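Report on the following structure.
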Amino acid sequence: MQTIFKDVVVIGGGVIGTAILRKLSFYQLEIALVEKQPDLCEGASKANSGIIHTGFDAPLGTIEAECLKRSRNLWPQLVEDLKIPYIPCGAVMVATTEEEKNIIEGKYIPNAEANGVEVEWVSIEELLETNPAVTSKAIGGLVIPEEAICDPFTATRAYAELAALNGAEVLLGNGVVGIEEIPEGLKVTLENKEEIVTKYVVNAAGVYSDQIARFIGDESFLITPRKGQFLLTEEAVEVSQVILPVPTAKSKGTLISPVVFGGFLLGPTAEDQEDKDDRSTSPEGIEQILKGCEKLIPDARGYDSIRQFAGVRAVCSLGDFVIKPSDVNNHMIHAAGIRSTGLSASPGVAEMVGEKLEEAGLELRVKEEALTEIPNLFSDDDDETGEIICLCRSISKGEIINAFKGPIPPVTIDGVKRRTGATLGECQGNCCIPKIMDLMKENGSQQPLKGLQNSYLTVKGGETSCTTN
Ligand SMILES: Cc1cc2nc3c(=O)[nH]c(=O)nc-3n(C[C@H](O)[C@H](O)[C@H](O)COP(=O)(O)OP(=O)(O)OC[C@H]3O[C@@H](n4cnc5c(N)ncnc54)[C@H](O)[C@@H]3O)c2cc1C
């Protein structure tokens, strides 16, 4: 079985792992990312509220607050470089009682100021002017102008695509099943028995990051899963900002947020569970969302939902992000316990992981020729037919074919959906999925059938190959 040699192997193709891969691709290093699912962004990174949090409410002095602070400065350039759909809509925490107003004044305003985030109290009149759907019983709200929304999948994919264009290797559908300490660093064994000898491993495996740590005998933290259910509506909700409740001692509550591609998200719940992979939705969860949201937006219960889904947060026993070398072996750097704000914090986390790698002994020499922005890979002329495949979202055949030609092509319907927006409209793919499947077949794009054919997808320098063992 083939052995691969690398300077750094990143485990996990979520927003954290890919952000780190991009950062490392700016240096003269041999790097790879290993993801057990057939595509990137299959964990928490695909099922979240898509909010770019400022960290106004982040607990002071935490690693999370520090990563969010660094990220605030990095997002504006990142959005440009990676062409991430992004709307700087702002957010407002709505006070419906005097008690809630006191909590905002006593806790959130001082916390935001200490974290260097601009906030402003607005009257109910000003609040309703921007967000007419909010309850008129509210007494005002705390506006956080710098909060924004973005497409989490584009962010994750673009991080990885830029890294792939800079020479990083992306191994999909091929999880890590073992890590052994060796004199050169660490030896990573993959599901297909391939081995990677690497100087350093970055552990960005989300809810499974504690299991990755256990491979080298590190038991310093435990990750437990916390589910968040959502519902998506395409009704015209009259709000232009993210509408946040005032958290209680028990829960952060449910919010209503515009979505970059249209529609509104209601949720999420916060349900501790044992199963790290359980992303089911339930009538009880949906009821909890509606109950919470109707306190802020009285019409919430009446909205038709086109989709319900759930994501699972990685709750860390240490109560903060874990971004540090393992105490057992400093050739493993943890980027773990990234629970609730990982999308927002991802550029800051990547920066910090780079520093930890350097402190652990990795030499970071800048690669002058590295791309810093995603180039225009396709011209408008590529879409010769103009045929529309997804009628709800007006996604053309050319756009879908271009996705297959991208640096990290999709091998699943979900992958096509997230790269193009097809199937995301009102019919949720009922009309276009058969046509997309035909296009996948015509373009040689098939999901690796793990266990059956044992085939794995590898992307290197923007070139894709599929190996069958
Ligand atoms: C309900 C909900 C709402 C949220 N809302 C927001 C929000 O609005 N804004 C925000 O900033 N953040 C939000 N978050 C948090 C954010 O989604 C997460 O912090 C972030 O996605 C974590 O990214 P990650 O890369 O660490 O984890 P993941 O995205 O879970 O990625 C980890 C990856 O590791 C892979 N993996 C696991 N084990 C192995 C193995 N053995 N080998 C190879 N690969 C492996 C997994 O398959 C997975 O793809 C929310 C989260 C949830 C659940």
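Start at 1 and go down the list; that is how both ligands and their atoms are numbered. No experiment lies behind these values; they were computed from the predicted model shown.
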Side-chain donor-acceptor pairs under 3.5 Å in residues 234-247, sequence neighbours left out?
unit_1	atom_1	unit_2	atom_2	d
Glu234	OE2	Arg393	NH2	2.5
Glu235	OE2	Asp304	N	2.8
Ser240	OG	Thr130	O	2.9
Gln241	OE1	Asn131	ND2	2.9

Between the candidates Arg339, Glu42, Glu35, which shows the shortest non-hydrogen contact distance to atom 48 (C) of ligand 1?
-> Glu35
Atoms of ligand 1 under 4.0 Å from any heavy atom of Ala204, numbered from 1 in the order shown, are 32 (C), 34 (O)
Please confirm whether Ile212 comes under 4.0 Å of ligand 1, counting heavy atoms of the residue only.
-> yes
Run the salt-bridge test on Glu355 and Arg70 with the 4.0 Å N-O cut-off and return the result as yes or no.
-> yes
Residues Arg339 and Asp320 bridged, charged N to O under 4.0 Å | no
Nearest protein heavy atom with distance in Å, relative to atom 45 (C) of ligand 1 = Lys36 CG, 3.8 Å
What atoms in ligand 1 come closer than 4.0 Å to a heavy atom of Gly12?
-> 33 (C), 34 (O), 35 (C)
protein heavy-atom neighbour closest to atom 37 (C) of ligand 1 works out as Ala205 O, 3.5 Å
Identity and distance of the protein heavy atom lying nearest atom 42 (N) of ligand 1 = Val176 N, 2.9 Å
Work out which heavy atom in Leu265 is nearest to a heavy atom in Asn48; give both atom names and the distance.
-> CD1-O, 3.8 Å
For Phe230, the atoms of ligand 1 under 4.0 Å from one of its heavy atoms are 1 (C), 3 (C)
Check: of Ala155, Gly337, Ser45, Ser340, min heavy-atom distance to atom 29 (O) of ligand 1 comes from Ser45
So is Ser344 polar-close to ligand 1, meaning N/O to N/O under 3.5 Å?
-> yes
